[in-house]
Q: 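Supplied in structure tokens, the structure appears directly below.
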Amino acid sequence: MKKQSWYGVLFALLILFLYIMGTYDIFMMLSHNEAYYAGKSYGQPVVDYFTNYPVFGLVFWVGNLACGLLSPMMYLCRRKNADRVAMASFLCDFVLILWGAAFRNRLPVLGIRIFCFDLFILLVTLLFAVFLHCKGEKQLP
């Protein structure tokens, strides 16, 4: 069996950490946790943005998070198709960002800092998918 590289393991752990934080974020945002909103200095427009969040967006948000959590775990456990799962995470996030920007006024409501962070997550997820694909880390258990 091919040995995993140290940088691949670190990259997977970084992705796993980012998506664990993203999972925490979705629970706090959709539960309308007032302390969380206050801690992030979010105002009423952000609360309104996440109130009655459309199902279309939830499908892609949950898809992004589920695949984002699963792909590094698959890599670390040497499972097949981790690259495809990472690419699915990227595509879900890409659709979510485009839809939010085009139809939900995401940039004016959440601001440029959050938008740039969203783009950072999108790029890192794409890089992870490309890394997995190029490394050929499609190994059987």
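Quick note: residue numbers are just sequence positions, from 1.
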Q: Please tell me if the side chains of Arg104 and Tyr53 come closer than 4.5 Å, counting only heavy atoms from C-beta onward.
A: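 Arg104 vs Tyr53: side chains touch.
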Q: Do Phe90 and Leu127 make a side-chain contact, defined as non-hydrogen atoms from C-beta onward lying under 4.5 Å apart?
A: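 Counting from C-beta outward, Phe90 and Leu127 never come under 4.5 Å.
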Q: How long is the gap from CG on Leu110 to SG on Cys116, to the nearest 0.5 Å?
A: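 With rounding to 0.5 Å, CG (Leu110) is 12.0 Å from SG (Cys116).
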Q: Could you tell me whether the side chain of Ile26 reaches within less than 4.5 Å of the side chain of Phe50, counting heavy atoms only?
A: no
Q: Suppose the criterion is side-chain hydrogen bond (donor to acceptor under 3.5 Å, both in side chains): which pairs have a residue in residues 89-99, not counting sequence neighbours?
A: Tyr19-Ser89, Asn64-Ser89
Q: What heavy-atom pair brings Phe131 and Ser5 nearest, and what distance separates the two atoms?
A: CZ-OG, 4.2 Å
Q: From Met21 CE over to Leu65 CG, what is the distance, rounded to the nearest 0.5 angstrom?
A: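 Met21 atom CE to Leu65 atom CG measures 12.0 Å (nearest 0.5 Å).
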Q: Could you tell me whether Phe11 and Tyr7 have their ring centroids closer than 6.0 angstrom?
A: no
Q: Please answer: with hydrophobic residues joined when any side-chain heavy atoms are less than 4.5 Å apart, are Trp61 and Leu16 in the same cluster?
A: yes
Q: Report yes or no: is the cationic atom of Arg106 (NZ for Lys, CZ for Arg) closer than 6.0 Å to the six-membered ring centre of Phe115, at no more than 45° off its axis?
A: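 Arg106 over Phe115 ring: no.
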Q: Would a hydrophobic clustering, with Ile, Leu, Val, Met, Phe, Trp and Tyr connected at side-chain separations under 4.5 Å, put Phe103 with Leu96?
A: yes
Q: Any chain of hydrophobic side-chain contacts (each under 4.5 Å) joining Phe117 to Phe60?
A: yes
Q: Do Val130 and Leu18 share a hydrophobic cluster (ILVMFWY, side-chain heavy atoms under 4.5 Å, transitive)?
A: no
Q: Test your reading of the model: is there a side-chain donor-acceptor pair from Gln4 to the backbone of Tyr75, 3.5 Å cut-off?
A: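 Checked: pair present.
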Q: Measure the CG-CD1 distance between Leu122 and Ile97 for me, rounded to the nearest 0.5 Å.
A: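 Taking CG in Leu122 and CD1 in Ile97, the distance rounds to 4.5 Å.
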Q: Could you tell me the separation between the CE atom of Met74 and the NZ atom of Lys80, rounded to the nearest 0.5 Å?
A: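 Output value for this atom pair is 10.0 Å.
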Q: Please check if any side-chain donor atom of Tyr36 sits under 3.5 Å from a side-chain acceptor atom of Asp25, or the reverse.
A: yes
Q: Measure the shortest side-chain to side-chain distance between Met87 and Leu126 over non-hydrogen atoms and say whether it is less than 4.5 angstrom.
A: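 A side-chain contact exists here, since the closest heavy-atom pair is under 4.5 Å.
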Q: Look up atom CE in Met29 and atom NZ in Lys40, then write down how far apart they are to the nearest 0.5 Å.
A: 8.0 Å
Q: Please identify each residue that fulfils ring-ring contact (aromatic ring centres under 6.0 Å, His included) with Tyr37, with sequence neighbours left out.
A: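 Tyr37: no ring-ring contact (aromatic ring centres under 6.0 Å, His included) contacts found.
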Q: With a 4.5 Å limit on heavy-atom distance, are the side chains of Val47 and Tyr42 in contact?
A: no
Q: Membership question, hydrophobic clusters at under 4.5 Å side-chain separation (ILVMFWY): are Tyr49 and Phe56 in the same one?
A: yes
Q: Please determine which of Ile20, Val124, Leu69 meets the side chain to side chain contact (heavy atoms under 4.5 Å, CB included) test together with Ile15.
A: Val124
Q: Report yes if some heavy atom in the side chain of Arg84 is under 4.5 Å from a heavy atom in the side chain of Ser71; otherwise report no.
A: no
Q: Using 0.5 Å steps for rounding, measure from the NE2 atom of His32 to the OG1 atom of Thr51.
A: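 Going from the NE2 atom of His32 to the OG1 atom of Thr51 covers 4.0 Å.
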Q: On a heavy-atom basis, which atom in Pro72 and which in Cys67 lie closest, and how many Å separate them?
A: CD-O, 4.5 Å
